[in-house]
Novice: 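Handing you this structure, nothing more for now.
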Amino acid sequence: MENFKPILSAFSLSKRFGDILAVDNISFDIYKGEIFGFLGPNGAGKTTTIKMMSGILEPDSGSVTIHTEDHRRSTGICPQHLVVWENLTCLEQVLYMGRMYNIRSQEIRKRADELLGSLELTGVKERLAKNLSGGMQRRLNIALALIHSPEIVFLDEPQAGLDPQSRILVRDYIRSIKNRTTVVLTTHDMEEAEKLSDRICIIDKGKLLVTGSADEILNANGEEDLVEIDFVSDVRNEFLPYSGDELISGITVAGNKMSFKTRNPQSSLENILKVIRERGLEVKGLHLRKKSLEDIFIGLTGRSIRE
Amino acid sequence: MKTLYCFIKTFKENLRDWKIMILAIVFAPFFIYLMYMYMGDSGSSVYNVVIVNNDLNGKISEELISEWGKIKTEEGKSVLTIRAINDTLKAREMIKNKDADLFVIIPPDFSDSFNEFIISKTGLLSPIRSYGDQANLKYMVAASFVDYTMFNYISQKTGIEIPFNVKYEFAGRGKSLKEFDLYVPALLVLSIIMMLFTAGASIVREIEKDTITRLALSRLKSAEFMAALSINQIFVGLICLFLTLLAAFSVGYSTSGSIFLLFLVGTLTCFSVISISIITACFIRTMFGLLTLGCFPFFILMFFSDCFMPLPKINLFAFAGNQVYLNDILPTATATRAFNKILNFDSGFSDISFELFWILALSLIYFFIGTWLFKRKYKY
């Protein structure tokens, strides 16, 4: 982030479609040079927000300010669905879009070669888009959003439908452009969001629930690590009250398995192991699962299926 | 320059999405051959007359029938095809089935009454009766030829001068027009109407794939997009027009009208159809929709163009000394009229200046409505 200078400010954005309030009075800043991840379940309002930010959709109320000189030249969008010209080759459409942004001919050619190379489309640049694989079309979709070197690019689920190799390629590419382009991306993939984003915003039912870096969100949302212990034989409930650790919560015992949540795994485990030794119980396995963004996401948005 | 790039891109797409393009290009030439197959090279319009001659022993009736057979076009071809039968009921049936345009009954005493008149110079000839279907436009023409030839023949034979004279002149370029010739201008218009699909496809493709959003976010203005689309489709339309005209020439159609004027009217008509296709595309989001719902405006354009059926003239208003009819609210009817004037009547620029003005005016009105709707709907 370059001196925490906002490149985009959304203020009190709202959008309604009939009876559905898709986006409900949300405000946030996106800083220059950062990767800003938009997380939310299906129908949360991510795409509507992106559309309002990119200027495709007019908000019912509120405003989006992009702090650049030339709004059109400075933004690029890669929509969730494929937006390519099926009957043009990869190269033709990348060049075409470049020309539509008034880029000089030599510059477009160079930029197109670079972009297609980075997204590993050079080998198929003369192939019609309709004859490309789904993954290649997705990468072309990204290339079309970036041909004019926008200052801010909106990537709406750019990795949806990609195989693992392509996901890594796209992830690395997004990281590589970070310094010169501010990236706003939406995703369902918590791990990707955590790995890629400098800051994350979780949105649900049109409302902004939380914003911050992954660590900030993890620390601020009080989720605890989960400890699971497998015993050789069944454990009895009377054993449990002896744990005497106030940091432990949510103890559950089922057969030979016991699990609990803790804010401080190290000291909690010391206490638990002491009790285990005193009781002469034999431990078969012990698993510690770190609290994750997904836990927080589920905690904030619930488990119900949306769409 | 962006208009040029957009034109090249759209042209490439049209070539690569060849199915709609081929449909548009071959449709009208196919109809040219189809029409020719049905109408054939039958010379000028021919009228079928069936005669029941009950005056079996009379020479006068035979001579009269022979006179009817002598009516020729300027190319020397018979105007009336005469068929003698003796079954009145069958003759009436032929009229009903449009197998004949006129049915003439010569009474048994026709020659006798004629001869008596020659001697006595008084009385009336036994009446010749004719029968026809008023809804059949050819009936009145056939009756007119038959009647006048008969009056003329009787005048000559009796020596009674009839104080009027009629000379038949045929419209056209110094020769009489065939029925097929009258369909050629309409089929040329049909070739342009087919552009409703190619022009519509160029817009709907962008809408269906949402590439219109990419363009809207770029620096391509909607006016540049529309200009590129129009130039591209006018080019396609003129190819369709040329191929349809070529098809007509290949089956013997000829014209000494101005080809330049023809293509000028063609260009304006293409523009008008493109404008209507922009309006159509504002209500359709998919190619499937274009090929199904798009048929409605296609048939409306075809219906109002007088392509296949002449419509009754419903006056709307007069403008600059020219009557504007209801079907003139769509440009294709005016285009058909202009093509007909150029091709079949050798009309020059001044003769079709109103048609040119009217097509241009309608094109601009529809174009502005189309672009306004498009901007409103797609915020572009």
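In this text, all values refer to a predicted model and were calculated from it rather than measured experimentally. Lettering of chains follows the sequences in order, A, B, ..., and the numbering in each one begins at 1.
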Novice: Nearest 0.5 Å please: distance from the CG atom of A/L8 over to the CD1 atom of A/I30.
Specialist: 5.0 Å
Novice: Can you tell which part of B/E206 gets under 4.5 Å to a heavy atom of chain A, answering side chain, backbone, both or neither?
Specialist: side chain
Novice: Nearest 0.5 Å, what's the CG-CG distance between B/L262 and B/L245?
Specialist: 6.0 Å
Novice: Are any non-hydrogen side-chain atoms of B/L356 and B/V265 less than 4.5 angstrom apart?
Specialist: yes
Novice: Picking from B/K12, B/M1, B/R205, B/R214, which has the most non-hydrogen pairs under 4.5 angstrom with chain A?
Specialist: B/R214
Novice: Once rounded to the nearest 0.5 Å, what's the spacing between atom CD1 of B/I342 and atom CG of B/L264?
Specialist: 8.0 Å
Novice: Does a side chain donor of either A/R139 or A/S166 reach within less than 3.5 Å of an acceptor in the other side chain?
Specialist: yes
Novice: With a 4.5 angstrom heavy-atom cut-off, which part of B/T211 approaches chain A: side chain, backbone, both or neither?
Specialist: both
Novice: Is chain B contacted by the side chain of A/Q93, its backbone, both, or neither, given a heavy-atom distance below 4.5 Å?
Specialist: neither
Novice: Under 4.5 Å heavy-atom distance to chain B, tell me which part of A/L95 shows up: side chain, backbone, both or neither.
Specialist: neither
